[in-house]
Amino acid sequence: MQKNLVIVESPAKAKTIGKFLGEDYKVLSSYGHIRDLKKKSISIDYEHDFQPTYEVPTDKRSVVNELKKEAKDSDMVWLASDEDREGEAISWHLYEVLGLTPENSKRIVFHEITKSAILNAIQHPRQIDINLVNAQQARRILDRIVGFELSPVLWRKVKPSLSAGRVQSVCVRLIVEREREVINFKPQTFYRVYATFTLSDLKGQQSEIKADLNHRFDTPDEAQAFLEECKNAKFYISSITKKPVKRYPAPPFTTSTLQQEAARKLGFSVSKTMLVAQQLYELGQITYMRTDSVNLSQFALDSSKDEIIKTMGEKYSHSRQYNTTSKGAQEAHEAIRPTNLNVHETTGDSDFRRLYDLIWKRTVASQMTEASVDRTIVNINIENDRENHFIAAGEVIVFDGFLRLYKESFDDDAVDQEDEVGLLPPMEKGQVLQYKKIQAAERYTQHPPRYSEASLVHKLEELGIGRPSTYAPTISTIQQRQYIEKESREGKENEFSIFHLTNGEITKELKKEMVGAEKLKLIPTDVGIVVNDFLTQYFPDIMDYNFTATVEKEFDEIAEGDKKWTSILQDFYSKFHPEVVSTTEIKFEHKVGERILGKDPVSGRQVSVKIGRFGPIAQIGKAEEDEKPKFSSLRKNQSIETITIEEVLELFKLPRTIGIFESLPVVVNIGRFGPYVHHGSLFISIPKGYDPMDIDMEQAQALILAKREVERKKYIKSFDDEPELQVLNGRYGPYISYKGNNYKIPATQKPEDLTLELCYELIKTQGEKPEKVRKTQKKRDKATEAAKAHTVRKSAKNGAAAKKAAAKKAAAKKL
DNA sequence: CAGTGAGCGAGCTTCCGCTTGACTT
């Protein structure tokens, strides 16, 4: 019988700690929470002080059973989950589920995983802090109430299977509001003036300086007038100011800052960063990757100091401890850093190496001396012009310090392309300059940038919404619900004018540039916009950007023992629930989010757009009229909010019957996967370059015949003895199809010469794959729908349940 | 890949935070 059982949250942590503690200690992991509110029902008893009903989820049963067994075999159980609200609750649930007592259990905490920290923790045990636990229960139950009361309102008023929650709904709101700012933005033009001057020093050496005007002009006339004035003006240096400036390194990484920098410097998505970081953590190469703390352990401070002195010298070392400033931080862990700072690089694939390199550099740089820069500002006056002057800036790095290793990136780096400033030639006050050229270029003010995944995380953290463990999952949830999409937009070509002044002559040039290109930005869908507007109108408190911060304050009061958790919930629920009831009872004249655009000039029937079962649709006519309404999906790039009646009427020009071929109609339409020609049982995608609005019979016939040819060529060979095996011609050349799986044919083998035996051999050498059951069309439809509704994980686990639901749906559909 | 679209049915969907593997729909 072992003496001690220590339970931590993460298995990697358990492994490390196990090494520090001797034979008398067994260290196991709870794998996070082991108990939660029951999954299906709301599981809160409103009649009895919000009494929750907890259950051990199925995927935690085996963990719990093992812990139970080990606990029974131990003299003492040490509950060593993290020291924050969630961690305290994990310990409490363990205490309850494992049937522990104050005599056979102790609660311990540590912030860094070192032998001394853990031994010290064991010397100073305490009991479970029930106030902190209650704060967690309040948080959990409030989130359940919000999610499970609000989502059904959306099912009734907007569309089934939608969701709402304290975090996700506000997240969508940020993106919707930013999109509106972008749409409503009216770019303004202005003229920016910049010049190149020449000056000669005492020895007659010529050099050049670039300088910007301190003023922008609103119109081309003003810009031109200014250049006119410069033609014969005298330019001289009116002042030279030198100022030493210091630059300080950024603090070590938290989850949020790591996600942002990995996106900017490595182009990683938020989830990719977390995936790679998780692997580095499991290999013991970095500390825990879900943290909001910038704190470094004494060990990390000491070893980075050693490392810096050893590789760069004493003057580069400057130890610092940073303070966490982000809202709602709980600081149960250290900052993200390499576990051993003397390991400068890691092995593995390039993603691995690059992320490790980033973390190593950021950590070490944070412990390095600040950089010293001499900054020079030169004012160049224009004689007889007291309002305008040119400014030239120069910078010399006197001591590079941390910049030797690492420089933080910022989101607008790409915008400030003229950011580089270099060395200025020697000059003195009063010196007269000659202009070489002066240019006034037309520029446009830019709309605020759409959010990227990383900049959204930054904003969420700033508002104190969400936690390090939820940033990545939240972004994928709102994508799965199809509230937002990640999209890239190509830039548009834009013409602008530049006036040049050279040799006393002004010329005008028209130039083209690409503007407005955006890479993988977050854009709301129609569903996202409609849901957001609905929630913002009827539940403004929940949708308030400060809602989380406000309730967090109350949770803190519970944790401090100043307030009762049930009365906080009572206050909230007594206000919130009636709002849910009254909103549910509203009989809307139109469907939520519906826009009436006017009347169809041909039939006189009403034209409207709204959210349909499969997304946004346009409709002519009303359901209650005798004649059935006509429907058409909106095109990609069209939105309920901005579409015009003309555009809607255009949609109904399809489907278009363009003629008869072989006594069957040829119909052109646009479906979910783009434009297609429909003839008999054949559907043919219309290739790019053709316009479905004016494709003619000749072109359509060609497409039909070409498709037939492909179909004909598709079958190279089949065998009477084995109807399930075929040799086919596909997009990538010939292949073998067998029981729903495909197998390659080596280039040396002529497909026509294949025998059944040869095919079997090829299948065997490539490893026969398990038979795939070919589903019917309808079933597959339902399966994808079900998969969309579930998260990837859930659908994997509940495969059988999903199938059952799908079958039911399919059955319902037939009736 | 699949080319859909309003009510007499049946019963489903949903939250946030803590943690990792095990899947073939």
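Chain naming here is simple, since letters A, B, ... match the order of the sequence lines and numbering starts at 1 in each.
For A/E552 and A/L162, each mapped to the nucleotide of DNA chain B holding its nearest heavy atom, the one lying further toward the 5' end belongs to A/L162.
Annotation: cation-pi geometry satisfied between A/R173 and A/Y545 (NZ/CZ under 6.0 angstrom from ring centroid, within 45° of ring axis).
Residues satisfying the side chain to side chain contact (heavy atoms under 4.5 Å, CB included) test with A/T53, not counting sequence neighbours, are A/K38, A/S43. In this view, A/S163 and A/Q168, A/R481 satisfy the side-chain hydrogen bond (donor to acceptor under 3.5 Å, both in side chains) rule, not counting sequence neighbours. Checked against salt bridge (Lys or Arg N to Asp or Glu O under 4.0 Å), A/R595 has no partners two or more places apart in sequence or in another chain. Legend: residues meeting side-chain hydrogen bond (donor to acceptor under 3.5 Å, both in side chains) with A/E625, ordered by chain and number and at least two apart, are A/R605. The side-chain hydrogen bond (donor to acceptor under 3.5 Å, both in side chains) test applied to A/K636 returns no partner, not counting sequence neighbours. Qualifying side-chain hydrogen bond (donor to acceptor under 3.5 Å, both in side chains) partners for A/H678, counting only residues two or more places apart in sequence or in other chains: none.
Heavy atoms of A/A164 sit under 4.0 angstrom from primed sugar atoms or phosphate atoms, though from no base atom. Across all strands shown, A/P152 has heavy atoms under 4.0 Å from base atoms, whether or not it also approaches the sugar-phosphate. When heavy atoms are screened at a 4.0 angstrom cut-off, A/G32 is found touching base atoms of the nucleic acid. Within the nucleic acid shown, A/Q619 comes within 4.0 Å of at least one base atom, counting heavy atoms only. Here A/V167 lies in heavy-atom contact (under 4.0 Å) with sugar-phosphate atoms only. When heavy atoms are screened at a 4.0 angstrom cut-off, A/G87 is found touching no nucleic acid atom at all. Contacts of A/G615 with the nucleic acid, taken as non-hydrogen atoms under 4.0 Å apart, include base atoms.
Closest contact between the side chain of A/K40 and the listed nucleotides B/dG17, B/dT13, B/dA6 involves B/dT13. Considering only the side chain of A/D84, B/dC18 comes nearest among B/dC18, B/dT13, B/dA6. Considering only the side chain of A/S161, B/dT13 comes nearest among B/dC16, B/dC18, B/dT13. If you check B/dC16, B/dT13, B/dT20 against the side chain of A/Y281, the one that comes closest is B/dT20. Taking only side-chain atoms of A/R166, from C-beta outward, the nucleotide of B/dC15, B/dT19, B/dG17 with the closest atom is B/dG17. You'll find that the side chain of A/K610 is closest to B/dA6, out of B/dC18, B/dT13, B/dA6. Of the candidates B/dC15, B/dT4, B/dA6, the closest approach to any side-chain atom of A/F614 belongs to B/dT4.
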Should A/Q482 and A/V527 be marked as a side chain to side chain contact (heavy atoms under 4.5 Å, CB included) after you check the CA-CA gap, both sets of side-chain angles, and the distance that decides it? CA-CA 7 Å; A/Q482 298 182 17; A/V527 178; 5.7 Å; no

Under a 3.5 Å cutoff on both atom distances, Watson-Crick or G-U, what's the dot-bracket for DNA chain B ([ ] crossing, | other strand)? .........................

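For B/dC16, the OP1/OP2 oxygens have no side-chain nitrogen or oxygen of A/R85 closer than 4.0 Å. OP1 or OP2 of B/dC18 lies within a sub-4.0 Å distance of a side-chain N or O belonging to A/S469. Residue A/S151 places no side-chain N or O under 4.0 Å from the OP1 or OP2 atom of B/dT13. In terms of phosphate contacts, A/Q136 brings no side-chain nitrogen or oxygen within less than 4.0 Å of OP1 or OP2 of B/dG17. Distances shown here put every side-chain N or O of A/S10 at or beyond 4.0 Å from the OP1 or OP2 atom of B/dT19. For A/R481 and B/dT13, the shortest distance from a side-chain N or O to OP1 or OP2 is not below 4.0 Å.
Ring orientation note: the planes of A/F572 and A/F576 are close to parallel, at an angle under 30° on the 30°/60° scale. A/Y743 and A/Y738 have tilted rings, their planes meeting at an angle from 30° to 60° on a 0 to 90° scale.
For A/F555 and B/dG17, the CZ to C1' distance is 12 Å, given to the nearest whole Å. Atoms CG (A/D143) and C1' (B/dC15) sit 6 Å apart, rounded to a whole Å. Atoms NZ (A/K39) and P (B/dG17) sit 19 Å apart, rounded to a whole Å. Taking atom CD1 on A/I542 and atom P on B/dT14, their separation rounds to 20 Å, with Å as the unit. Rounded to an integer number of Å, the gap from A/I34 CD1 to B/dT20 C1' is 16 Å. What separates CG of A/L67 from P of B/dT19 is a distance of 16 Å, to the nearest Å. Protein atom NZ of A/K13 is 11 Å distant from nucleotide atom C1' of B/dC18, rounded to whole Å. Going from atom CG of A/L634 over to atom C1' of B/dT4 covers 15 Å, rounded to whole Å.
The side-chain ring of A/Y31 is not stacked on the base of B/dT20, judged by centre separation under 5.5 angstrom and plane angle under 30 degrees. B/dT14 has A/F148 stacked on its base ring, the centres lying under 5.5 angstrom apart and the planes within 30 degrees of parallel.
Residue pairs that meet the side chain to side chain donor-acceptor pair (under 3.5 Å) test with at least one member in residues 466-475 of chain A, sequence neighbours left out, are A/D292-A/R467.
Counting atom types as modelled, A/S163 pairs no side-chain N or O with a base atom of B/dT14 as donor and acceptor under 3.5 Å. Side chain A/R144 to base B/dC16: no donor-acceptor pair is found below 3.5 Å. Side-chain atoms of A/R467 stay outside donor-acceptor range of the base of B/dC18, with no qualifying N/O pair under 3.5 Å.
Partner A/E83 forms a side-chain hydrogen bond (donor to acceptor under 3.5 Å, both in side chains) with one of A/H111, A/H333, A/R107, A/Q330 and no other, that one being A/H111.
Within residues 283-292 of chain A, the residues that have a heavy atom under 4.0 Å from DNA chain B are, in order of number, A/Y288, A/R290.
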